[in-house]
Asker: 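This is the structure, below, for whatever I ask next.
The chains referred to below are lettered A, B, ... by the order of the sequence lines, with proteins before strands, and numbering in each begins at 1.
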Amino acid sequence: MSDELIAQREEKLRQLREIGVKPYGGKFPRTHSVSKLRENFDRLAELKEEVAIAGRVMLMRMHGKASFADLRDETGKIQIYVKSDIVGERTYRIFELLDIGDFFGVKGSLFKTKTGEMSILVRELTLLSKSLRPLPEKWHGLKDIELRYRRRYLDLIFNEESRKVFEARRKIISITREFLNERSFREVETPMLQPQAGGASGRPFSTRADALEMELFLRIAPELYLKRLLVGGMERIYEINKSFRNEGLSPKHNPEFTMLEVYTAYADYKDMMQLTEELFQEIARNIFGKLKFTYRGEEIDLTPPWRRITFSNAMKERFDVDIEKEGVENLKKKLKEAGVKLKGEKVARSQLVKLLADLLTSSSPTFITDYPVEFCPLAKRKADAPELTERFELFMCGFEIANAYSELNDPREQKERFMKQAEGEKERIDEDFVMALEYGMPPAAGLGIGIDRLVMVMTGSSSIKDVILFPQLKATEVL
RNA sequence: GCCCCCAUAGCUCAGUUGGAAGAGCACCUGACUCUUAAUCAGGGUGUCCCAGGUUCAAGCCCUGGUGGGGGUACCA
């Protein structure tokens, strides 16, 4: 069937070529986009000005010798009216050989039909691209979730909601850059191909550089390179880019994801809390025009200051353990009793994250602060409580969305922490990074924000796949 | 990785107790010079995801697989 529909279109293509039509055109100068044309419709119609627009035909209403079609470009759609006695028999024949999905350009004048529909009376018609495959149906569109991910172009053609999500994503990233640039942060790019993948836990993807005869890893985080730039004297920097983790997929996890990392010299994690609050407010004001919105039925309020709970208080509430008095060993025991998996002697961070997320009753943003040092190999200890670190994680809508700390800048302690972390595992220590610290890194605060998750929250998306244009799926044969 | 759910025409979906594969849109043929999800007349175009099995008979029951969704584990 699909083959038959394609064959029918190929037959039309053949017939078009037979009458001298080039079915894959080139440059077509447009006088207006559809939305601009609509905005200035009355004036243009009165001046009887000839306009030229181009787009994809979405609907055709054939009426013998005079027909209507809806032409759509990125900005909107408009009706065109093609009359045989105006365009001539040959052009009208070409029009009859067109299919829904074809791109063409038209020149003509503007008029309103008797029902008031803004329309173009076509004088000249140019085929720009012949579509060989039938598009999804005009009314129900494309709903199949797998096809929407695999053939995102069809999703974008048919689902306004999807287009809105990606426009919101663009806006959020753009606002974030403006926000940071205005505050004198400089955007940098650091390697995605790294000889050693550090700065987070998580399994890396590995690859090989043939010319260098070496194994390389796709980065799991940019952190250790951004800190090398702090050593290099850059005081306010950020990077928005992909990181890659060779782990399972879920509605909150895609193997490649976009992260923002920000570093400020001479600041601490509390400054980053404020920065996070301000950034999210800036975004919400732009997207919603206010600080309150809903995520899948849950009320979210970004009015500052956001709720803050220390990690110890959260644990006290949940497990009746006072880690500040009893130390972290007792917590581990309680966690084990509660069925939390331990990774060797270490508490798996993901379990902790889940535990904390479950603990929060509100979907509004909450900072959990002051994590025990053993969960934070790169964070600075609290001066008055050396078993804890100057760190926060931001939870919102049931998931972790940001992570920040005052950066550890003592090279000897950093090496020790790396060694402790590597115990019993095949991880290597990043000696090159330790060397950089040995040259001296200013005290600094760092912040990481999961951009995809932030977009999820701001667009009401329940799956990360809905905010990534081409989410990772298994390869299949083309049907 | 494990558990649960889903897969029927190009698209959106029905399909009863196991008894001759359906609808709307799209598409094809014809009519139609202001329609707008155009209308009217006619046409069903299919590897019922794949491979086996049970049965006189399988879209439907059973086993295995593939792809997707959700949960769970690893992870952000």
Side-chain angles (χ1 to χ4, degrees), chain A residues 1-9 11-12 58-70 77-87 92 99-101 111-119 121 131-151 154 157-158 199-204 220-221 223 242-261 340-341 343 348-354 357 393-395 399-403 448-454 456 462-465 471 473-477 479:
Chain A
M1 175 60 178
S2 170
D3 289 346
E4 194 181 325
L5 292 174
I6 290 170
Q8 283 167 358
R9 285 174 176 231
E11 170 57 22
K12 289 182 188 172
M58 299 304 290
L59 274 177
M60 295 180 85
R61 295 180 287 280
M62 307 302 286
H63 285 254
K65 294 289 167 204
S67 301
F68 294 92
D70 288 347
K77 73 176 182 203
I78 191 151
Q79 170 168 275
I80 64 166
Y81 187 34
V82 185
K83 287 178 85 169
S84 174
D85 53 15
I86 290 180
V87 297
Y92 198 79
D99 284 298
I100 289 173
F111 76 106
K112 278 188 182 166
T113 63
K114 62 185 180 190
T115 54
E117 176 87 22
M118 295 181 195
S119 308
L121 181 62
S131 163
L132 295 178
R133 277 179 186 265
L135 289 171
E137 193 231 330
K138 62 184 176 188
W139 192 244
H140 295 94
L142 184 67
K143 290 187 178 170
D144 184 290
I145 192 71
E146 184 179 351
L147 275 184
R148 289 179 59 188
Y149 296 151
R150 281 193 197 281
R151 304 185 196 169
L154 295 180
I157 293 170
F158 285 95
S201 53
R203 195 158 16 120
I220 56 175
E223 176 157 353
K242 295 282 180 81
S243 287
F244 307 83
R245 297 194 188 170
N246 203 345
E247 306 281 358
L249 282 68
S250 89
K252 297 184 181 99
H253 301 89
N254 194 63
E256 58 182 288
F257 61 102
T258 302
M259 199 157 48
L260 161 69
E261 286 206 4
V340 173
K341 246 200 206 161
K343 205 173 155 189
R349 217 182 76 77
S350 60
Q351 289 274 330
L352 214 58
V353 165
K354 195 173 172 321
E393 285 188 299
L394 175 66
F395 286 80
F399 44 92
E400 185 201 10
I401 204 159
N403 180 18
I449 293 175
I451 294 292
D452 311 279
R453 290 179 178 180
L454 177 59
M456 285 172 71
S462 57
S463 170
I464 198 168
K465 288 188 169 81
L473 296 176
K474 284 198 183 181
T476 54
E477 284 176 51
L479 296 175

Asker: Using 30° and 60° as the class boundaries, would you call the ring planes of A:F68 and A:H63 parallel, tilted or perpendicular?
Answerer: perpendicular
Asker: For nucleotides B:G65 and B:U72, find the distance between their C1' atoms and express it as a whole number of Å.
Answerer: 23 Å
Asker: Report the distance from atom CZ of A:R133 to atom C1' of B:A9, rounded to the nearest whole Å.
Answerer: 15 Å
Asker: Taking pairing as Watson-Crick or G-U wobble with both contacts under 3.5 Å, can you name the mate of B:G67, or confirm there isn't one?
Answerer: B:C6
Asker: Looking across every strand, which nucleic acid part, if any, lies under 4.0 Å from A:Y92 by heavy atom: base, sugar-phosphate, or nothing?
Answerer: nothing
Asker: I'd like to know if A:K252 pairs up with A:D452 as an ion pair, taking the criterion as any Lys NZ or Arg NE/NH1/NH2 lying under 4.0 Å from an Asp or Glu carboxylate oxygen.
Answerer: no
Asker: Just the rounded figure in Å: distance from P of B:A9 to CG of A:D144.
Answerer: 11 Å
Asker: Choose from B:C75, B:C34, B:G68 the nucleotide whose nearest atom is closest to any side-chain atom of A:R245.
Answerer: B:C75
Asker: Where the side chain of A:N254 meets the backbone of A:F257, is there a donor-acceptor pair that is under 3.5 Å apart?
Answerer: no
Asker: Determine whether A:S119 and A:K112 satisfy the following criterion, side chain to side chain contact (heavy atoms under 4.5 Å, CB included), listing intermediate values before the conclusion.
Answerer: CA-CA 6 Å; A:S119 308; A:K112 278 188 182 166; over 6 Å; no
Asker: Considering only side-chain heavy atoms of A:E4, which listed nucleotide, B:U72, B:U45, B:U33, is closest?
Answerer: B:U45
Asker: Is a donor on one side and an acceptor on the other found under 3.5 Å between the side chain of A:Y92 and the backbone of A:D85?
Answerer: no
Asker: Can you tell me, in whole Å, how much space there is between the C1' of B:G43 and that of B:U47?
Answerer: 23 Å
Asker: When you measure from the side chain of A:H140, which nucleotide among B:G71, B:U12, B:A26 comes out closest?
Answerer: B:U12
Asker: Report the nucleotide, chosen from B:G69, B:C75, B:G70, that has the shortest atom-to-atom distance to any side-chain atom of A:S463.
Answerer: B:G70
Asker: Counting side-chain heavy atoms from C-beta on, which of B:U33, B:G68, B:G71 comes nearest to A:E146?
Answerer: B:G68
Asker: Are A:K474 and B:G67 close enough that a side-chain N or O sits under 4.0 Å from OP1 or OP2?
Answerer: yes
Asker: For atom P, what is the distance between B:C60 and B:G53, given to the nearest Å?
Answerer: 14 Å
Asker: Could you check which of B:U33, B:G71, B:U35 has an atom nearest any side-chain atom of A:E117?
Answerer: B:U35
Asker: Please produce a list of atom pairs where a protein N or O lies less than 3.5 Å from an N or O of nucleotides 2-5 of chain B.
Answerer:
none

Asker: Given atom CG of A:N254 and atom P of B:C75, what is their separation to the nearest angstrom?
Answerer: 18 Å
Asker: Measuring from the side chain of A:R150 (C-beta onward, heavy atoms only), which nucleotide among B:G68, B:C11, B:A26 has the closest atom?
Answerer: B:G68
Asker: Working to the nearest 0.5 Å, report the span between OG of A:S67 and CZ of A:R61.
Answerer: 10.0 Å
Asker: Looking only at atom C1', what distance separates B:U66 and B:G22, rounded to whole Å?
Answerer: 27 Å
Asker: When you measure from the side chain of A:R148 to the backbone of A:K143, do you find a donor-acceptor pair of N or O atoms at a distance under 3.5 Å?
Answerer: no
Asker: For the pair made of CG in A:L142 and C1' in B:C11, what is the distance, rounded to whole Å?
Answerer: 8 Å
Asker: In whole Å, I'd like the distance from the CG atom of A:L249 to the C1' atom of B:A73.
Answerer: 14 Å
Asker: Check the phosphate of B:U35 against A:K114, side-chain N and O only, distance under 4.0 Å to OP1 or OP2. Yes or no?
Answerer: yes
Asker: Which of the following nucleotides, B:C25, B:C34, B:U33, is nearest to the side chain of A:K65?
Answerer: B:U33
Asker: Take A:R9 and A:L147, find for each the nucleotide of RNA chain B with the closest heavy atom, and name the residue whose nucleotide sits nearer the 5' end.
Answerer: A:L147
Asker: Need the pair for B:U47. Rule: Watson-Crick or G-U wobble, both distances under 3.5 Å, any strand; none if unpaired.
Answerer: none
Asker: When rounded to the nearest Å, what value does the distance between P atoms of B:G67 and B:C50 take?
Answerer: 15 Å
Asker: A:N246 side chain to A:R203 main-chain N or O, any donor-acceptor pair under 3.5 Å?
Answerer: no
Asker: Can you tell me the base-pairing partner of B:A20? Count Watson-Crick or G-U wobble geometry only, both distances below 3.5 Å, and say none if there is no partner.
Answerer: none
Asker: Quick one: label A:G141 by what it contacts on the DNA or RNA (base, sugar-phosphate, nothing), any heavy atom closer than 4.0 Å.
Answerer: sugar-phosphate
Asker: So which heavy atom on A:R453 is nearest to which on A:F399, and how close?
Answerer: CB-CE1, 3.7 Å
Asker: Name the nucleic acid region contacted by A:G248, choosing base, sugar-phosphate or nothing; use a 4.0 angstrom heavy-atom cut-off, strictly under.
Answerer: base
Asker: Considering only the C1' atoms, how many Å lie between B:A58 and B:C49, rounded to the nearest integer?
Answerer: 16 Å
Asker: Under 4.0 Å between a side-chain N or O of A:K354 and OP1 or OP2 of B:C75?
Answerer: no
Asker: Just how far, in rounded Å, is C1' of B:C28 from CG of A:D99?
Answerer: 11 Å
Asker: What is the distance, to the nearest angstrom, from the CZ atom on A:R151 to the P atom on B:G67?
Answerer: 16 Å
Asker: Give me the distances for all protein-to-nucleotides 38-41 of chain B N/O pairs that come in under 3.5 Å?
Answerer:
| unit_1 | atom_1 | unit_2 | atom_2 | d |
| --- | --- | --- | --- | --- |
| B:A38 | OP1 | A:K138 | NZ | 2.7 |
| B:A38 | OP2 | A:R61 | NH1 | 3.1 |
| B:A38 | N6 | A:M62 | O | 3.0 |

Asker: Hey, are the side chains of A:I401 and A:E393 touching, using non-hydrogen atoms and a 4.5 Å cut-off?
Answerer: no
Asker: Of all the nucleotides listed (B:U12, B:U33, B:G69), which has the minimum atom distance to the side chain of A:K143?
Answerer: B:U12
Asker: Expressed as a whole number of Å, how far does the P atom of B:C28 sit from that of B:G46?
Answerer: 15 Å
Asker: If you go through the side-chain atoms of A:S84, does one of them form a donor-acceptor pair with the base of B:U33 closer than 3.5 Å?
Answerer: no
Asker: Among the candidates B:C75, B:C27, B:U35, find the nucleotide nearest to the side-chain atoms of A:Q8.
Answerer: B:C27
Asker: Let me spell it out: for each of A:A200 and A:F68, pick the nucleotide of RNA chain B with the closest heavy atom. Which residue's pick is nearer the 5' end?
Answerer: A:F68
Asker: Using atom P in both nucleotides, what's the gap between B:C6 and B:G10 to the nearest angstrom?
Answerer: 23 Å
Asker: Is a side-chain donor-acceptor pair under 3.5 Å present for A:R9 with A:S131?
Answerer: yes
Asker: Ignoring backbone atoms, establish whether A:K465 has a side-chain N or O less than 4.0 Å from OP1 or OP2 of B:G69.
Answerer: yes
Asker: CD of A:E11 versus P of B:U45: gap in Å, rounded?
Answerer: 20 Å
Asker: With a 4.0 Å cut-off on heavy atoms, is A:Y149 in touch with a base, just the backbone sugar-phosphate, or nothing at all?
Answerer: sugar-phosphate
Asker: Is the shortest side-chain N/O distance from A:R203 to OP1 or OP2 of B:C74 below 4.0 Å?
Answerer: no
Asker: Closest heavy-atom contact between A:S243 and A:A221?
Answerer: OG-CA, 3.6 Å
Asker: In sequence, state the C-alpha distance, the side-chain angles, and the governing distance for A:L249 and A:K465, and then conclude on side chain to side chain contact (heavy atoms under 4.5 Å, CB included).
Answerer: CA-CA 10 Å; A:L249 282 68; A:K465 288 188 169 81; 4.3 Å; yes
Asker: Check whether any side-chain N or O of A:R245 sits under 3.5 Å from a backbone N or O of A:I220 as a donor-acceptor pair, and report yes or no.
Answerer: yes
